[in-house]
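Following: one structure in C-alpha cells, then a few remarks.
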Amino acid sequence: MKKQYAQIIVDVPTMQTDQPYTYVIPEEMIDQILPGMRVTVPFGRREVMGYVVGIRATTDLSEDQLRPLTTILDLSPVLNTELLSLSDYLADETFAFRISILQTMLPNALKADYQHFIKIVGKVSDDVVNRLFMGLTEIAFHANQYSDKDLATLAKLRRQHSIEVRIEVNDRAKVKTQLAYQFSQNVAMLKTAQQSLRPTAKKQAQLIAFILQHVGETWLKKELQEMLPVSDETLAHAVTHEWLVKKQVEALRDPFKAMVQKSDPLDLNDEQQQAFDRISSSADLHRFAPFLLEGITGSGKTEVYLQVAQHVLKQGKTVLFLVPEIALTPQMVRRVKSRFGEQTAVLHSGLSDGERYDEWRRIERGDVQIVVGARSAVFAPLDNLGLIIVDEEHETTYKQSDNPRYNARDVALWRGEYYQIPVILGSATPSLETRARAQRGVYERLTLTQRAGGAKLPKVDVIDMKDTLADGPETNFSAELKDKIADRLNKKEQIVLMLNRRGFSSFVMCRDCGFVPRDPNCNLAMTLHMDSHTLKCHYCGHEEPIPTVCPNCGSKRIRYYGTGTEKVAVELAELFPTARVIRMDQDTTRKKGSMDKLLEKFGRHEADILLGTQMIAKGLDFPDVTLVGVLNADTALGLPDFHASERTFQLLTQVSGRAGRAQKSGEVVVQTFNPQHYAIVFAQQHDYEGFYHQEMRARHAGNYSPYYYTVQIQASHSDENQAALQMLQVARWLRAHVNQEVIVLGPSPKPIAKMRNRYYFQIILKFKQRDMVDNLLKTLQNRSQNAKGDLRLSIDREPVSFM
DNA sequence: AGCACGCCGACT
DNA sequence: GTCGGCGTGCTC
C-alpha cells in the first residue's frame, strides 16, 4: 500500500509549535484514520496528544525527519471538516494557537490526561525505594505530593539515569456503557438446544424462544429482564451455552427524564408573521441570510424563533439556539423544551465534565435536532444546520474574556455562511455594530414594535438625585422612590430594585451638579487611583490630580462614587422594617443553583423586594412586579469605556421591561445624577432609534466602533517599570510601522493596574481597514513570544470591555 | 510544555 | 578538576 502522511496539530500550546507536524501513518491504521480524529504521537522524547487536520500521500520531508504516529484515540472523528476549517479561521482571527481553539471547541472530557510514572532502573538507596517508591519499582508520579527536597533527589537520580520518567497519554472520555446481550444468529444451534432442554427448565425455554424470535438482535439487560422473567443465573447459563454474548453498549439517555408539558405554537401577529415569512423563505432558498430581529421587550421574538425553528426542523435540518446565560434565561429554555421536547439538548454551565460530554455525544450522534446553550454551545457538533439563533445578540457574555477571545455571535455568522442558512440576531437593543450593519443592508432588519396582548410599555420616571442630596444626608433613596415603594408594599405588589455595579472601577462625581471629570483628549470618564492620588484616562494615559473643588460648579462635594447592595439592604431595612427583602449579588449567588432558589422564592411571593445588581435585569418575568427602581443609573456612564452609554441604555431598557409584563401596568423609577444624559433620556422614552442615531454621532466624532475597528493590546509584567518600558517600546514600534490613518493610543495602565502581583498596561489601536494592522499584530505576537523576560502580551480584537 | 545541550561559579 | 545553575533551541 502507498505511504500516507498525517498532518497533526500537537497538544503543545506555544508559538513555535503552532503548526501541523507530519507523521507517517502505520500501514494498519491507514484505513481507520480520518481528519478530525485524536491521536497520540511521539514529540521530542515524550508522547503527546494531537489532532489530525489532514491526510496526504506526499511530503516534502525526508524519511529520517519523520516518525510514525503511535495510536488513534477515536473510532470516528471528533471534529468534522466544518469545525476544522472554523478552527483555522478562529486561530487567525483571535491570535490564538490552533491547539487552543481545537480544545475550546470540544468538551473537556476529550482533552488529554497526561499521567506521569517514575521507574527505578538503576541503583538507588533503600530510603528512596522504601519511602518514595513504597517498595515498588514503578509508581504514578504527582509532583505536588513531594517536598522540594524529595523532588531534588528524584531529579538527581534521573540525571544519573537511575530512574526514568514515562508519560502515558490517557483519554479522559469514558463513554457510559450498559450491559447488554447480543443474541446468537446460529438458529440451528439454538433449535438443537431448545429440543434438548429438560422439561422443567421453563425459564430457559422462554429465553430461547425469545432469542429465536429476535435472532442477532442486541438487548439491554435491563430491558430484557423487563420483558422476560429471566434471572441473572439463567442469563449466565445462556452465555456459557453461547445462545447470547455479553456486550457493553453505550448508555442511551433515559427516555423518561425531564418529561415536559408539550406546548403548541401561538398565533403570530402581523409583524411576527412577516418576520417569520422572511426568515423561513430564505431558509428554503438555502442561502446565507443574516437577520437582525429587532423587537421591543415583550414583543414575542421568542415565538418567531420557535416557529422558524419548527419550519427548519420539518425539513430534517438542525437548529442552534444561543442565549447569553442559561441561568438567567430559564423560561426561555423551558419554552424551547416544551415546544420541541426530547429532540432538545441544553448545554449549561452547571454540567460536570462527564455530563457535558454525554450531551455532546448525543448531539454528535445525531440524537438531537436542536441545541440550546450559552457561548461555548456555538461549537456544538451539529451537522446539517438549518438555522442559528443568537438571542440578545448585544450581550457581552458572547465574547470570551480570556484566550481564545472569540465572539460567539461572529462564530455563529461564520457557521451560518458555511451552511448557507439564515442566522437570526435578536435583540430589543441591538449593539451599535449590528444595527449599523442592518442600516447598510448587510443584515436584513425585521422589527417588532407591538407588545403581545397589547400591553403598554411602563412609564419611566427619571429622578435627579442632585435634588435629593442637596438638602439632606447621603441616601440611596429619593423621596419619590420611597413613596412608590411604600405604596406597592401596601398593595401587596412586588418591587425590583437594581443597583448598577458594572465593573469595580470607581470614579469621581460632584454631588451637586453631577459633573464627572473627563479626560480632555478622549472625553472619557477618568478613573480614580488612590495609590497615586490621581485621576487617569485608561485610553490615552492622561493623568491629573483629584479635584477637591468641582471645576463645573465650584462645589466641594465632589468625591468618590460607589455603593454596594449590602449598604443598600441596611438602608432598606431602616426605611421599611417589615418588608421582606431578597438580596441578589455575587456574594449571595456564588453557590451553584442558589440564584434559581432565590428567584423561585421571589416568584412564590415569599418576599416583597428583590434587590440586586444587573444580573436581575435579564429575562426575569414576574407578573406581580409593578415597580422597578434603578438606584444609580450612572455608574456605567462613569466607566472608562466608549461602550458606557450603550451599556447604560441597554441596561435601563432591559430592566424597564421587567415591570408590568402581565395585566397590571408597571412603573419604573430611575435615579440619576445625569437626568439629561441622552442614554437616560432615550431609555426613558423607550426610543432605541433616537439613541442609535445620537450614539452613532458620538462614535463617529470619537473615531470609535462601528466607524473604526478597535484592537486592545494588553501586557503584564511582574515588574512595573519593565511593564511600562516594554509597552512603551511596543507602542513606539507600532507607531513607526503603521500608516498615518491608524490611531495608536497609550500605553496606559489598565483600570485595574495591578492583579496577582502583575502590572497591567494596555495600548489601543483604532483603524479603518483590517489589512492595515493584521500582519503587524501577528509579528508583534511572534516577537513577544520569543522575547526574554516575563512580559505576557495578549491581543483582543473588538474588546467588549476595557477593564 | 518538556527536555537536552551548553557554558560559567562553588564544592566533594 | 566536577556538579549543577538556568539561558537557548528544538520537537515531524
Side-chain angles (χ1 to χ4, degrees), chain A residues 3-27 29-30 33 35 37-73 91 96-104 111-119 121-125 140-144 146 148-170 172 402-404 718-719 722 781-794:
Chain A
K3 274 228 155 127
Q4 298 270 297
Y5 304 96
Q7 296 294 107
I8 289 163
I9 301 285
V10 292
D11 179 19
V12 183
T14 64
M15 206 75 219
Q16 296 109 312
T17 53
D18 187 30
Q19 50 169 327
Y21 285 82
T22 308
Y23 285 84
V24 176
I25 305 172
E27 207 172 301
M29 295 184 194
I30 288 183
I33 198 165
M37 284 180 175
R38 294 172 306 147
V39 291
T40 60
V41 293
F43 195 67
R45 33 179 53 243
R46 66 209 160 106
E47 194 76 16
V48 299
M49 205 196 72
Y51 291 87
V52 181
V53 293
I55 291 168
R56 300 206 187 142
T58 57
T59 176
D60 295 340
L61 297 162
S62 62
E63 277 306 310
D64 61 329
Q65 289 176 292
L66 291 167
R67 298 168 78 180
L69 61 89
T70 319
T71 54
I72 303 179
L73 291 174
F97 307 128
R98 299 253 172 327
I99 188 68
S100 315
I101 301 282
L102 293 170
Q103 296 195 326
T104 306
K111 275 195 208 153
D113 181 18
Y114 295 100
Q115 176 74 258
H116 292 237
F117 295 91
I118 48 177
K119 187 181 185 180
V121 290
K123 275 207 194 110
V124 295
S125 70
F141 173 78
H142 302 280
N144 52 7
Y146 299 90
D148 286 354
K149 209 176 142 203
D150 286 342
L151 283 175
T153 313
L154 289 171
K156 192 171 163 189
L157 289 171
R158 186 170 173 206
R159 271 190 300 277
Q160 296 166 349
H161 303 286
S162 298
I163 62 171
E164 271 176 7
V165 175
R166 186 170 60 86
I167 301 172
E168 218 172 75
V169 186
N170 290 315
R172 265 192 264 192
D402 41 46
N403 289 326
S718 52
D719 180 275
Q722 278 300 309
Q781 176 93 344
N782 278 317
R783 282 167 40 127
S784 76
Q785 286 283 324
N786 299 327
K788 60 230 157 290
D790 81 338
L791 189 80
R792 279 182 225 156
L793 184 138
S794 91

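In what follows, chains carry the letters A, B, and so on, assigned in the order in which the sequence lines appear, proteins first and then strands, with residues in each chain numbered from 1.
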Practice task
Could you tell me whether A:D64 atom CG has more than 12 heavy atoms of other residues or ligands within 6.0 Å of it?
Solution key: yes
When all nucleic acid strands are considered with a 4.0 Å heavy-atom cut-off, which category describes [X]: base, sugar-phosphate, or nothing?
| X | result |
| --- | --- |
| A:Y23 | sugar-phosphate |
| A:P20 | nothing |
| A:L66 | sugar-phosphate |

Interatomic distance, [X] [atom1] vs [N] [atom2] [rounded to whole Å]:
| X | N | atom1 | atom2 | result |
| --- | --- | --- | --- | --- |
| A:I163 | B:dC3 | CD1 | C1' | 15 Å |
| A:E47 | C:dC12 | CD | C1' | 13 Å |
| A:Q65 | C:dC12 | CD | P | 10 Å |
| A:D113 | B:dA1 | CG | P | 18 Å |
| A:L61 | C:dC12 | CG | P | 10 Å |
| A:D11 | C:dT11 | CG | P | 18 Å |
| A:F43 | C:dG9 | CZ | C1' | 12 Å |
| A:Q103 | B:dA1 | CD | C1' | 12 Å |

Exercise for the section: Under the side chain to side chain contact (heavy atoms under 4.5 Å, CB included) rule, what do A:L69 and A:I33 come out as? Steps first, then yes or no, please. Expected result: CA-CA 11 Å; A:L69 61 89; A:I33 198 165; 3.7 Å; yes
Problem - Base B:dA4 paired with A:R45 side chain (donor-acceptor, <3.5 Å) - result: no
Exercise for the section: Indicate yes or no: at least one non-hydrogen side-chain atom of A:V48 is less than 4.5 angstrom from one of A:T40. Expected result: no
Exercise for the section: Would you kindly say whether A:Y51 and A:D11 are connected by a side-chain donor-acceptor distance under 3.5 Å? Expected result: no
